[in-house]
Amino acid sequence: MRAKRSLGQNFLVGSHYPRRIVDSVAPQAGETIIEIGPGQGALTGLLVETGARVIAIELDPDLIPHLSQSFSDCEHFRLVEADALRVDYCELIAPDASARVVANLPYYISTPIMQRLIEHRRCLSEMTLMLQREVVERITASPGGKEYGFLSVLAQFYCEVEKLFDVPPGAFRPAPKVYSSALRLRARARTAAVKDEVLLIELTKVLFAQRRKTILNNLRAGWGKLGLADASGIFGPLSASGLDPRRRAETLSIEEIARLADAITVSRA
Ligand code: SAM
């Protein structure tokens, strides 16, 4: 079957990388594992062999018959034809209260899927994802470098992040143009308290909107998105959080961004 570029179909071939991914997850018999985008089943077969309860979510109707047939005699496998961006993961895994996720993600939606998984972190304790290497570098970046930005703050605020290993283009058919990397995200038991999580995400987008500008200039340009009355409304929160307005966003730690978000929330009240 021809791979559909529109659905980000780059299938893993051979057994080396599928095995490495599944070994790094080490599924336990009986636990629930969600696989997003099983495709032709490269990871699915190995996951099912472990005795874990596997729930696979696939959007492409053309892949469904082959997948259902391949695992038809397996009681602990369930195939769900759905869009992974719309699934309610906590409902899907019932009666279990917690599951882990494994996915060689379609790159065209990797950021929104990661965002959705993080939103469901109360029932998703860990996610092992294959993404473009460049995206993994951004997710795992520390403050101070050019890779550090919206994705780093979003992922690291909620999760512990760990790059596992690189995967070359030749491991897929068709081969993508770039390297991929496997990444592990572990939901933090406790995230730093922030009064308004939606504001934290908006603020991070505003701060990094133009990386070469100071945070003051970005905040002045984005005051409307932060629910402030006007551009001058940013001075109070900046001073309350003790941040030098001449800094650039890439120098801010996640705690500093959270502190500024809280100061904005207080000033809006
Ligand atoms: N897991 C397989 C592998 O490693 O060979 C396939 C990975 S392929 C990169 C991505 C898979 O995600 C494809 O099977 C594609 O049809 C599926 N997919 C794309 N968009 C999706 C979505 N919104 N929800 C669920 N599956 C999706």
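Start at 1 and go down the list; that is how both ligands and their atoms are numbered.
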Which one holds for Ile109 and ligand 1: side chain close, backbone close, both close, or neither close, with close meaning a heavy atom under 4.0 Å? side chain
For the pair Gln28 (side chain) and Ala26 (backbone), establish whether a donor and an acceptor sit closer than 3.5 Å, ignoring hydrogens and angles. yes
Are side-chain N/O atoms of Thr251 and Arg247 paired as donor and acceptor at under 3.5 Å? yes
Just which atoms of ligand 1 are under 4.0 Å from any heavy atom in Gly8? 8 (S), 9 (C), 10 (C)
May I ask whether Tyr108 places a heavy atom under 4.0 Å from ligand 1? yes
Counting heavy atoms only, which of Glu58, Arg116, Glu35 comes nearest to atom 14 (O) of ligand 1? Glu58
What verdict does the salt bridge (Lys or Arg N to Asp or Glu O under 4.0 Å) test give for Arg121 and Glu197, after you've listed the backbone C-alpha separation in whole Å, the side-chain angles of each residue and the deciding distance to 0.1 Å? CA-CA 14 Å; Arg121 66 192 177 280; Glu197 294 194 359; 3.4 Å; yes
Does any N/O atom on Ala84 come nearer than 3.5 Å to any N/O atom on ligand 1? yes
Asn104 N/O to ligand 1 N/O under 3.5 Å: yes
Any idea which protein heavy atom is nearest atom 27 (C) of ligand 1, and the distance to it? Leu59 CB, 3.7 Å
Residue portion contacting ligand 1 (non-hydrogen atoms closer than 4.0 Å) for Leu63: side chain
Can you get from Val178 to Val167 by hopping between Ile, Leu, Val, Met, Phe, Trp and Tyr side chains that sit under 4.5 Å apart? no
What part of Pro38 sits under 4.0 Å from ligand 1 if we count only heavy atoms: the side chain, the backbone, both or neither? backbone
Ranked by distance from atom 6 (C) of ligand 1, the top protein heavy atom is Gly37 O, 3.3 Å
Minimum heavy-atom distance Gln9-Arg2, with the two atoms named: OE1-O, 4.2 Å
Would you say Leu47 ends up clustered with Val13 if hydrophobic residues are merged whenever their side chains have heavy atoms under 4.5 Å apart, either directly or through other cluster members? no
Is the closest N or O pair between Ala42 and ligand 1 shorter than 3.5 Å? no
N-O pairing of Glu202 and Lys225 below 4.0 Å: no
Looking at atom 19 (C) of ligand 1, what's its closest protein heavy atom, distance included? Leu7 O, 3.2 Å
At what distance is the nearest protein heavy atom to atom 23 (N) of ligand 1, and which residue and atom is it? Asp83 OD1, 2.8 Å
Test salt bridge (Lys or Arg N to Asp or Glu O under 4.0 Å) on Glu250 and Arg211; report intermediate values, then the result. CA-CA 7 Å; Glu250 67 193 32; Arg211 301 181 64 96; 3.2 Å; yes
The atoms of ligand 1 lying under 4.0 Å from a heavy atom of Ile57, numbered in the order shown, are 25 (C), 26 (N)
Is it the case that the side chain of Glu162 and the backbone of Leu183 share a donor-acceptor pair, with hydrogens and angles ignored and the cut-off at 3.5 Å? no
For ligand 1, is Ala82 a contact, meaning one of its heavy atoms is under 4.0 Å away? yes
Pairing donors with acceptors under 3.5 angstrom, does anything connect the side chains of Gln132 and Ser180? no
Which atoms from ligand 1 have a heavy atom of Asp60 less than 4.0 Å away? 16 (O)
Distance-only side-chain donor-acceptor flag, Asp166 / Ser181, under 3.5 Å: yes
When you check the gap from the basic side-chain N to the acidic O, do Glu147 and Arg138 get nearer than 4.0 Å? no
Which residue holds the protein heavy atom closest to atom 18 (N) of ligand 1, what is that atom called, and what is the gap in Å? Pro106 CG, 3.8 Å
Closer than 4.0 Å to some heavy atom of Gln9 - which atoms of ligand 1 meet that? 13 (C), 15 (C), 16 (O)
Please state which protein non-hydrogen atom is closest to atom 5 (O) of ligand 1 and give its distance, to 0.1 Å? Leu12 N, 2.8 Å
